[in-house]
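To start, the structure itself, in structure tokens.
Residues: numbered from 1 along the sequence shown. What you see below is based on every heavy atom in this structure, not just the backbone, and it leaves out hydrogens, waters and symmetry mates.
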Amino acid sequence: MRRWIVLLGVAALCSAADPLAAQAPAAPGQSQARPAPRRDAFYWLGEINKASAVINSEEGLLDPALAPRIAAGLNRVLQAGDRPGGPRPSLVITFEPLLIEAAGVEATLLHAGRSSQDMLATVRAAILRDELLRLSEALGRTTATMLRLAEAQAATVVPNYTNGVAAQPNSYGHYLLGHVAGLERDAQRLREAFARLDLSPMGTTVLNGTSWPLNRDRMARYLGFPGTVENAYDAAQIVAAEMPAEIGAVATGIALHAGAFVEDVMTQYAQPRPWILLREGDGNTYVSSAMPQKRNPGLLNDTRAQASRVVTLGIGRAIQAHNIPPGMSDAKGVADNVAVTAGAVALLDAWDRVLKALVISPERALEELNSDWTASQEIADVLMRKYRLPFRAGHHFASEVVDHAKAHDIRPTDFPYAEARRIYGETLREMGLSPAELPMGEAEFRETLDPVAIVRNRATAGGPQPAEMARMLAGAGERLAEGARWTGERRGRIDAALGALDGDFGRLLARAP
């Protein structure tokens with residue numbers, strides 16, 4: 001419980017400190033860079049005011065003679081906030097008094113055509129935009145780790161399970177590529193949500209705009225947005241409350257995928273001889289306080305618990321946005337929304353650690369396959385595909401073989417071929433088919449029950465056979481690289497825009513008396 005309270009406490013600090021804080025490049029002659037300003041609400045309020053000063057003074061909405069003095073006062077407020085322990089208010093109504101104190105009441109001329117509604121909607125969108133890029137990077141890291149593991153385990157044949165029961169043999173690499181596909185869809189949903197979030201609400205004021213001819217497009221460009229929210233009512237009243245719920249859904253999807261993967265590994269710990277475990281040490285497992293033989297999978301437990309927290313936080317955004325009139329702030333809080341993305345990043349980091357700690361025993365996995373009848377479906381498939389036996393007859397034959405084997409504790413590798421011939425004849429009679437010998441010879445019958453051969457001989461597009469594995473691994477790698485480029489391009493665009501704003505604001509500032 002204490003750990004969960006600490007997590008929420010850290011998340012609450014996000015309204016005053018952005019987890020995306022980056023290091024500024026070192027200046028010539030400096031051995032260590034000065035940290036760049038945190039991209040919190042204070043930072044973005046500063047950027048909005050800087051952009052307003054530059055744009056409005058150049059477009060006749062702010063007296064060019066007053067603009068440099070106002071810029072100098074604004075600069076003092078920002079410098080004070082960047083100092084350790086300096087004031088960093090996160091609301092327009094607490095930021096403005098500092099600006100008035102530093103530059104005089106004339107500084108409120110910057111507020112022409114603005115409202116706390118559109119300003120805070122812009123601040124929140126900018127913060128969540130940074131958070132989504134951070135989440136995108138974490139998603140890419142975990143997907144890359146899973147992809148490397150899939151390539152390394154492409155030829156490892158293991159049991160796969162449906163309804164909690166061993167079902168078929170499969171390549172572990174193929175299994176992992178299935179999870180990679182799920183993470184790719186999470187990345188797609190994230191990018192789609194980002195595109196809807198990445199529009200500037202600035203200049204819409206409260207509900208329907210303003211009589212001031214503000215240049216919304218230029219403001220958007222300075223803040224790193226590629227465009228503006230089209231409808232002024234939508235900007236602060238509808239989309240601002242909608243996006244937290246959508247981002248919560250993205251995080252929830254990631255958590256559902258993580259939880260399913262963790263639980264699949266967890267089931268192995270109930271077995272006396274698992275074929276997949278966590279490597280001991282490094283905090284992955286811990287010894288029971290009472291039972292010395294136990295090695296509890298603490299990392300799996302913690303990762304699953306974190307997935308549950310993210311689901312709780314993600315669904316909570318929809319609950320908080322539900323049944324409120326437009327414009328209410330219930331679901332808009334920065335701390336609550338950053339808690340969702342920060343929780344998802346922590347989950348992905350933990351999942352990444354799980355993937356790197358897995359120890360897989362191909363020999364033990366194959367032993368488990370050969371001790372059960374997960375290959376029995378192949379008998380029905382071969383009888384139909386090669387010998388034109390109706391599938392239901394072949395399925396019935398294979399089922400009878402399995403029933404006989406389990407009743408007499410016979411492994412697939414030891415099943416008597418003569419018994420298979422007998423059961424085949426009985427099956428044909430029961431199904432009303434003409435009498436015939438089992439068309440498979442003994443060698444073919446045994447090869448049909450070989451899990452390794454089954455995986456190798458799959459012909460379905462998207463299957464685990466070597467050629468398809470190579471194709472899918474290459475495709476997943478290309479999509480992963482494209483996702484990394486997408487994230488880098490958006491980070492670069494935002495940073496370049498803010499750099500351009502700093503340059504133009506600096507030239508205005510240079511004219512201050």
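Looking at heavy atoms from C-beta onward, V310 lies out of side-chain contact with I254 at the 4.5 angstrom threshold. Looking at heavy atoms from C-beta onward, W275 lies in side-chain contact with V158 at the 4.5 angstrom threshold. Proximity of L300 to Y269: side-chain heavy atoms (C-beta onward) are separated by under 4.5 Å at one or more points. Within the 4.5 Å cutoff, no side-chain heavy atoms of V250 are placed close to those of D186. Side-chain contact check for T108 versus E96: some heavy-atom pair is nearer than 4.5 Å. Residues V77 and E101 have side chains not in contact (no heavy-atom distance under 4.5 Å, counting atoms from C-beta outward). Contact annotation: the side chain of P326 approaches that of Y233 to within less than 4.5 Å [non-hydrogen atoms, C-beta and beyond]. The side-chain heavy atoms of F261 and L355, taken from C-beta on, include a pair separated by under 4.5 Å.
Ion pairing between a basic and an acidic side chain is recognised when a charged N comes within 4.0 Å of a carboxylate O; D504 and K50 show no such pairing. A salt bridge links R471 to E468: at least one charged side-chain nitrogen sits closer than 4.0 Å to a carboxylate oxygen.
By the side chain to side chain donor-acceptor pair (under 3.5 Å) test, D495 pairs with R39, sequence neighbours left out. In this structure, the salt bridge (Lys or Arg N to Asp or Glu O under 4.0 Å) partners of R218, at least two apart in sequence or on a different chain, are E58, E59. Scanning for salt bridge (Lys or Arg N to Asp or Glu O under 4.0 Å) contacts around R124 gives an empty result, with sequence neighbours left out. Residues passing the side chain to side chain contact (heavy atoms under 4.5 Å, CB included) test with A103 are A107, sequence neighbours excluded. Every residue two or more places apart in sequence or in another chain was checked for a side chain to side chain donor-acceptor pair (under 3.5 Å) with S57, and none qualifies.
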Begin with the C-alpha distance, continue with both residues' side-chain angles, and end with the deciding distance and a verdict on side chain to side chain contact (heavy atoms under 4.5 Å, CB included) for L132 and L197. CA-CA 10 Å; L132 279 184; L197 175 72; 3.9 Å; yes
Salt bridge (charged side-chain N to carboxylate O under 4.0 Å, His left out) evaluation trace for E151 with R148: CA-CA 5 Å; E151 186 171 17; R148 287 191 296 270; over 6 Å; no
Kindly determine whether L177 and M469 satisfy side chain to side chain contact (heavy atoms under 4.5 Å, CB included), including the steps that lead there. CA-CA 9 Å; L177 281 181; M469 284 296 295; 3.8 Å; yes
Intermediate values then yes/no, salt bridge (charged side-chain N to carboxylate O under 4.0 Å, His left out), R491 and E137: CA-CA 11 Å; R491 276 204 184 283; E137 289 171 340; 2.8 Å; yes
Working note: F42 + T94, criterion side chain to side chain contact (heavy atoms under 4.5 Å, CB included); need CA distance, chi angles, decisive distance, verdict. CA-CA 10 Å; F42 174 81; T94 51; over 6 Å; no
I would like to know whether D198 and R493 meet side chain to side chain contact (heavy atoms under 4.5 Å, CB included); could you show each step before the answer? CA-CA 12 Å; D198 194 24; R493 181 241 293 162; 2.6 Å; yes
Given the rule in the salt bridge (charged side-chain N to carboxylate O under 4.0 Å, His left out) test, do R485 and E482 qualify, once you have shown the distances and angles that lead to the verdict? CA-CA 5 Å; R485 286 192 293 272; E482 178 58 34; 2.7 Å; yes
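Side-chain N or O atoms of Q237 include none that pairs as donor or acceptor with a backbone N or O of A232 at under 3.5 Å. Using a distance-only test at 3.5 Å, with no hydrogens or angles considered, a donor-acceptor pair links the side chain of R88 to the main chain of G81. Looking at S171, its side chain never comes within 3.5 Å of a backbone N or O of A155 through a donor-acceptor pair. Listed for the H257 side chain is no donor-acceptor partner under 3.5 Å among the backbone atoms of V180. In this structure, R69 contributes its side chain and E106 its backbone to no donor-acceptor pair below 3.5 Å. No side-chain donor-acceptor contact under 3.5 Å links N284 to the backbone of E280.
Listed here is the closest heavy atom pair of G46 and L74: O-CD2, 4.3 Å. Heavy-atom minimum distance, A67 versus L508: CB-CD1, 3.9 Å. A476 and L147 get closest at one heavy-atom pair: CB-CD1, 3.6 Å. The shortest non-hydrogen separation linking A241 to A331 is O-CB, 4.4 Å. Closest heavy-atom contact between G203 and D118: N-OD2, 3.0 Å. Nearest heavy-atom pair, F505 versus A53, reported as atom, atom and distance to 0.1 Å: CE1-CB, 4.5 Å.
Taken from CG in L223 to CZ in R129, the straight-line distance is 7.5 Å, to the nearest 0.5 Å. In this structure, CG on D282 lies 12.5 Å from NZ on K356, to the nearest 0.5 angstrom. Distance CZ/R134 to CG/L128: 12.5 Å, rounded to 0.5 Å.
Counted within 6.0 Å of CD on E230, heavy atoms from surrounding residues, nucleotides or ligands total 12 or fewer; the atom is thus considered open. The local environment of CE in M266 is crowded, with over 12 non-hydrogen atoms from other residues, nucleotides or ligands closer than 6.0 Å.
Annotation: cation-pi pair R216/F225 absent, no NZ/CZ under 6.0 Å from the ring centroid and within 45° of its normal.
Between the side chains of T145 and D352, at least one donor N or O sits under 3.5 Å from an acceptor N or O. For the 3.5 Å distance criterion, the side chains of Q320 and R317 qualify, holding a donor opposite an acceptor. A donor atom on one side chain and an acceptor atom on the other are found under 3.5 Å apart for R309 and Q306. A donor and an acceptor atom, one from each side chain of R114 and N49, are located under 3.5 Å apart.
Evaluation of the salt bridge (charged side-chain N to carboxylate O under 4.0 Å, His left out) test over residues 250-261, restricted to residues two or more places apart or in two chains, returns none.
Using bins of under 30°, 30° to 60° and over 60° for the plane-to-plane angle, the ring pair Y175/Y172 lands in the parallel bin.
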